[in-house]
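Heads up: the structure comes next, in structure tokens.
Each chain gets a letter, A, B and so on, in the order the sequences are listed, and its residues count up from 1. Values below: all heavy atoms of this structure, side chains included; hydrogens, waters and symmetry mates excluded.
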Amino acid sequence: MPVPILKQGNYLIAPIQASLTDEQMLLFRSKLAEEVGRTRVSGVVIDVSGLDVIDSFTARTLQDVTRMVKLRGAEAVVVGIQPALAFAMIQLGLGLEGVATALDLEEGLELIKWLGLNRHARGR
Amino acid sequence: MPVPILKQGNYLIAPIQASLTDEQMLLFRSKLAEEVGRTRVSGVVIDVSGLDVIDSFTARTLQDVTRMVKLRGAEAVVVGIQPALAFAMIQLGLGLEGVATALDLEEGLELIKWLGLNRHARGR
Amino acid sequence: MLVADELSIPIVSEADIVEARQRGRQLAVESGFGVSDQALIATAISELARNILQYAKRGEVVISAERRGNRAGVGVVASDRGPGIADLTRALEDGFSTGNGLGLGLPGTRRIMDEFELESEVGGGTRVTVKKWVV
Amino acid sequence: MLVADELSIPIVSEADIVEARQRGRQLAVESGFGVSDQALIATAISELARNILQYAKRGEVVISAERRGNRAGVGVVASDRGPGIADLTRALEDGFSTGNGLGLGLPGTRRIMDEFELESEVGGGTRVTVKKWVV
Ligand SMILES: Nc1ncnc2c1ncn2[C@@H]1O[C@H](COP(=O)(O)OP(=O)(O)O)[C@@H](O)[C@H]1O
Ligand SMILES: Nc1ncnc2c1ncn2[C@@H]1O[C@H](COP(=O)(O)OP(=O)(O)O)[C@@H](O)[C@H]1O
């Protein structure tokens, strides 16, 4: 079950809709990095509200994806981490350091616009 | 194979076109810092799309170059990190922290103009 | 709905990791766990099953409905006949990984669950037994 | 195109680092690796070859086409008779460098490759053996 990657204006939206196997998750990672280049968007919102579990592998892949997107010159925001999963992540020790997060798609799009405007004030 | 440094309006463009040895990379670093002074440009775009590998030495030199350019009072943006190299960098642990990135030359020039306009607003 | 007291899921592919954690969550629901605990149990199973696949190539996860006095709970036994773990103390430290991982699987699972036991023998395999009780 | 099973590249100058990684990438292409893995293999070789030059002044990188069952792979052995590494555990930690480096070469190479072995003797030299398999 591949993750759809949708273009909306200057942004890509990638809703991860169900449990992914590790391999599907890695495939998603490469595909997204490529799509950033192909579509020339300035930002990406990854919606994880459909995930049943965010374990250490998933968390680490999300971190990698957002770093790759940044190296490709765009911004990335992860949205939709459900409260129960947020709690499990904290217990596990997964803080998603360095990853911008927002409540949901709407807030994510707001945040990514703001990040785009401020990318340099932040020193990157 | 030294890196050409081209002037375009108020900016320098430095396309790194092939694998550089470490020495050539360091030479490029000094030359670029000098050219910023000589040409009095306000920004530099370093295009790394021609590199076959961005290993820890290259990443660190890119970081150093952009810092040097900033200390000389100009902006610097690295563009053209290919998806496969972005992935390798992440695996290696190289996030290019503190370096502004953009997809390609075109986006890089846009970004650098924007940076130039906002540098005073940021107080540096 | 009739629930088996014990369910064994062989772990030989990535899809089995997903299967195991989904089964675990279902059992957690049926045992009366709240949504937070369901996520914790599913996450723990995911970590343990992935370790089996990654370090031992194959093994199994057995999930069971537990009862102690009048408390309901869920038990998980993840076992394999893989290479085993040489230094159990280090394996339980945050951030220690001989693979490519974050090294949070074992220590994190220990934090997540109410009971945690790790047995391992180099060359013999590894068995992790965890339980969680409904509060 | 005929490919030698094994190719030895002496590392005595910076140009040899570039040569070694380009040869490695070429072998990766011929072995059927995708473009991401090609970059990973080339990057790993670059790190290992630079370590030779920086810490041991000279040494060699041997790249080889590997096969295990019906899986193809690439092997790299980077060896030198330089000063060796006193503390292997620390050398494998992210950020540890006795030189002026980022200290990501060895731990990063370990993450990048499927198999990683580091042998070293103080005064005797260092040998890093890595492999990666086509999925
Ligand atoms: N089933 C297993 N068989 C062999 N070794 C294991 C197993 N599970 C865990 N380990 C060892 O314990 C270490 C720590 O595991 P864990 O905390 O889950 O972190 P990670 O999986 O990210 O490496 C692993 O790197 C591995 O060396
Ligand atoms: N071939 C070698 N010979 C001797 N020492 C080495 C060699 N390779 C690595 N080392 C030691 O291991 C340390 C870590 O290496 P590495 O992770 O590649 O980081 P870096 O090269 O940035 O220092 C080095 O700083 C050095 O002390």
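- A/Arg60 contributes atom CZ, which lies 10.5 Å from atom CD1 of B/Ile90 (distance to the nearest 0.5 angstrom).
- One finds the CD atom of B/Glu97 at 7.5 Å from the CZ atom of A/Arg67 (value rounded to the nearest 0.5 Å).
- With a 4.5 Å cut-off on non-hydrogen atoms, A/Arg40 touches chain B through its backbone and its side chain both.
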*Given side-chain contact (heavy atoms from CB on, under 4.5 Å), test B/Gln91 with A/Asp64 step by step and report yes or no.*
CA-CA 8 Å; B/Gln91 293 278 90; A/Asp64 286 355; 4.1 Å; yes

*Kindly indicate, with the supporting measurements, whether the criterion side-chain contact (heavy atoms from CB on, under 4.5 Å) is fulfilled by B/Leu103 and A/Arg72.*
CA-CA 5 Å; B/Leu103 187 67; A/Arg72 299 280 285 152; 4.0 Å; yes

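- There is no contact between B/Leu85 and chain A, counting heavy-atom distances below 4.5 Å.
- The structure places CD1 of B/Ile81 at 11.0 Å from CE of A/Met68, a figure rounded to the nearest 0.5 Å.
- Scanning both residues, B/Pro83 and A/Glu34, for their nearest heavy atoms gives CG-CG, 4.2 Å.
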